[in-house]
K.L.:
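A single structure is presented below for examination.
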Amino acid sequence: MTAKTPLGDFLHTRRSQLRPEDVGVPTYGERRRVPGLRREELALLAGVSASYYTRLERGESPSASPEVLDALAGALLLDESERRYLHDVARTGRQRTRGRRPAPERVSEPTRQLLDVMGDVPAIVLGRRSDVLAWNRPGHVLFAGHLDPGAPDLPRERPNMARLVFLDSHVRELYADWPSKARAVVGSLRLVAGRHPEDTALHALVGELSAKSGEFATMWADHRIRACTVAAYEMRHPLVGSLTVTQQTLSHGPGPVVVVATTAPDSPSRAGLTLLARAAAQAGSSAEPARTGPRVGQD
């Protein structure tokens, strides 16, 4: 039976991804029609009745206590990010939130000052739906140098990193291990969807990407949750060649986050990033210096 709620959908998907041997459930050599744990097996591991778990998965039970959710998370071998998502989608089912138009996201003046003082360190500011709200010159050249550097200035024309990763061939070619980057993007959007179920713009973005990219649709249906705050990627940049960069997300609350790219000291990647910063500076000096986005209080 098809799950009727985000909670049921998540439980069903993650149960089907667990093999009996992953959690010590004996099978005695029997052949199973479908992979994954059976409902009654997961219910036993979580210490709940099979009938109650079935109602949860089918969307027939209105809620589950935090204690039951934690027990299910343990049985499903969820990590901390996945556990948080499980609680978020369960809360959504209880509250029955209504969709609403989200408020415009803006970059604070202290964040702009942070971009300014980073100098040669590539940095971009992302909204919760991965819209690029601002970037410094090295950040623009590293992550999307083929785009207009002033694009984040106009809310209706702002680049979106999820769209770029899945739909832009230039950005796709930047990542030697593109699937790893793509899964990180999807996992991050999953977390946001759990925290902000009322965000109609996010739903529209997911619908667009699912329609235009079969790879996104498959990864989204996989229900993998990933809070990717620090990750290393090999980037194949058209100006300086191969770079191994560590992308770190700096966050201090529910607002936009700053993503910076760093490299190991005294490495070829550090030398390449230095050359890239010089190229960005030269490109900036040959044109009117552009602000990295609208001022606080403006759209």
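Note that the structure is predicted; figures quoted are calculated from it, not measured. Note that the numbering runs from 1 along the sequence shown for the chain.
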K.L.:
Charged N to carboxylate O under 4.0 angstrom, Arg163 versus Asp168?
P.N.:
no
K.L.:
With no hydrogens and no angle check, is any side-chain donor or acceptor of Glu82 less than 3.5 Å from a backbone partner on Asp79?
P.N.:
yes
K.L.:
Hey, could you give me the CZ/CG distance between Arg195 and Leu202, rounded to the nearest 0.5 Å?
P.N.:
12.0 Å
K.L.:
Below 30° counts as parallel, above 60° as perpendicular, anything between as tilted: where do the rings of Trp135 and His140 land?
P.N.:
tilted
K.L.:
One pair to check against salt bridge (Lys or Arg N to Asp or Glu O under 4.0 Å): Arg39 and Glu57. What are the steps and the verdict?
P.N.:
CA-CA 9 Å; Arg39 289 194 184 103; Glu57 191 173 292; 3.1 Å; yes
K.L.:
Kindly determine whether Glu234 and Ser242 satisfy side-chain hydrogen bond (donor to acceptor under 3.5 Å, both in side chains), including the steps that lead there.
P.N.:
CA-CA 7 Å; Glu234 180 185 348; Ser242 179; 3.1 Å; yes
K.L.:
Is Glu215 salt-bridged to Arg183, cutoff N-O under 4.0 Å?
P.N.:
no
K.L.:
Supply the atom-to-atom distance His196 NE2 to Asp88 CG, rounded to the nearest 0.5 angstrom.
P.N.:
9.0 Å
K.L.:
Do the side chains of Leu77 and Leu44 join up, straight or via other hydrophobic residues, at under 4.5 Å, putting them in one cluster?
P.N.:
no
K.L.:
Mark yes or no for whether Asp222, through its side chain, and Arg224, through its backbone, hold a donor-acceptor pair below 3.5 Å.
P.N.:
no
K.L.:
First locate atom CG of Leu37, then atom CG of Leu45, and finally report the distance between them rounded to the nearest 0.5 Å.
P.N.:
6.5 Å
K.L.:
Pairing donors with acceptors under 3.5 angstrom, does anything connect the side chains of His223 and Arg14?
P.N.:
no
K.L.:
Taking the side chain as every heavy atom from C-beta outward, state whether Thr249 and Val258 have any pair of such atoms under 4.5 Å apart.
P.N.:
no
K.L.:
Could you go step by step and tell me if Asp199 and Arg129 meet the salt bridge (Lys or Arg N to Asp or Glu O under 4.0 Å) rule?
P.N.:
CA-CA 9 Å; Asp199 191 333; Arg129 292 175 294 275; 2.5 Å; yes
K.L.:
Hey, are the side chains of Leu126 and Ile124 touching, using non-hydrogen atoms and a 4.5 Å cut-off?
P.N.:
yes
K.L.:
Hey, is CZ on Arg278 packed in by over 12 heavy atoms from elsewhere, all under 6.0 Å?
P.N.:
no
K.L.:
Keeping Asp22 on the side-chain end and Arg19 on the backbone end, is there a donor-acceptor pair under 3.5 Å?
P.N.:
yes
K.L.:
Look at the side chain of Arg190 and the backbone N and O of Trp220, then say whether any donor-acceptor pair between them is shorter than 3.5 Å.
P.N.:
yes
K.L.:
Within the structure provided, determine whether Leu167 and Glu208 are in side-chain contact (heavy-atom separation under 4.5 Å).
P.N.:
yes
K.L.:
Taking the six-membered ring for Trp and the full ring for Phe, Tyr or His, determine whether the centres of Trp178 and Phe166 are under 6.0 Å apart.
P.N.:
yes
K.L.:
Of Val107, Val260, Val125, which meets side chain to side chain contact (heavy atoms under 4.5 Å, CB included) against Leu115?
P.N.:
Val125
K.L.:
For Phe216 and Val206, work out which heavy atoms get closest and say how close.
P.N.:
CE2-O, 3.7 Å
K.L.:
We want to know whether Thr111 and Ser108 form a side-chain donor-acceptor pair, criterion being a heavy-atom distance below 3.5 angstrom.
P.N.:
yes
K.L.:
To the closest 0.5 Å, what do you measure between CG (Asp120) and CZ (Arg270)?
P.N.:
10.0 Å
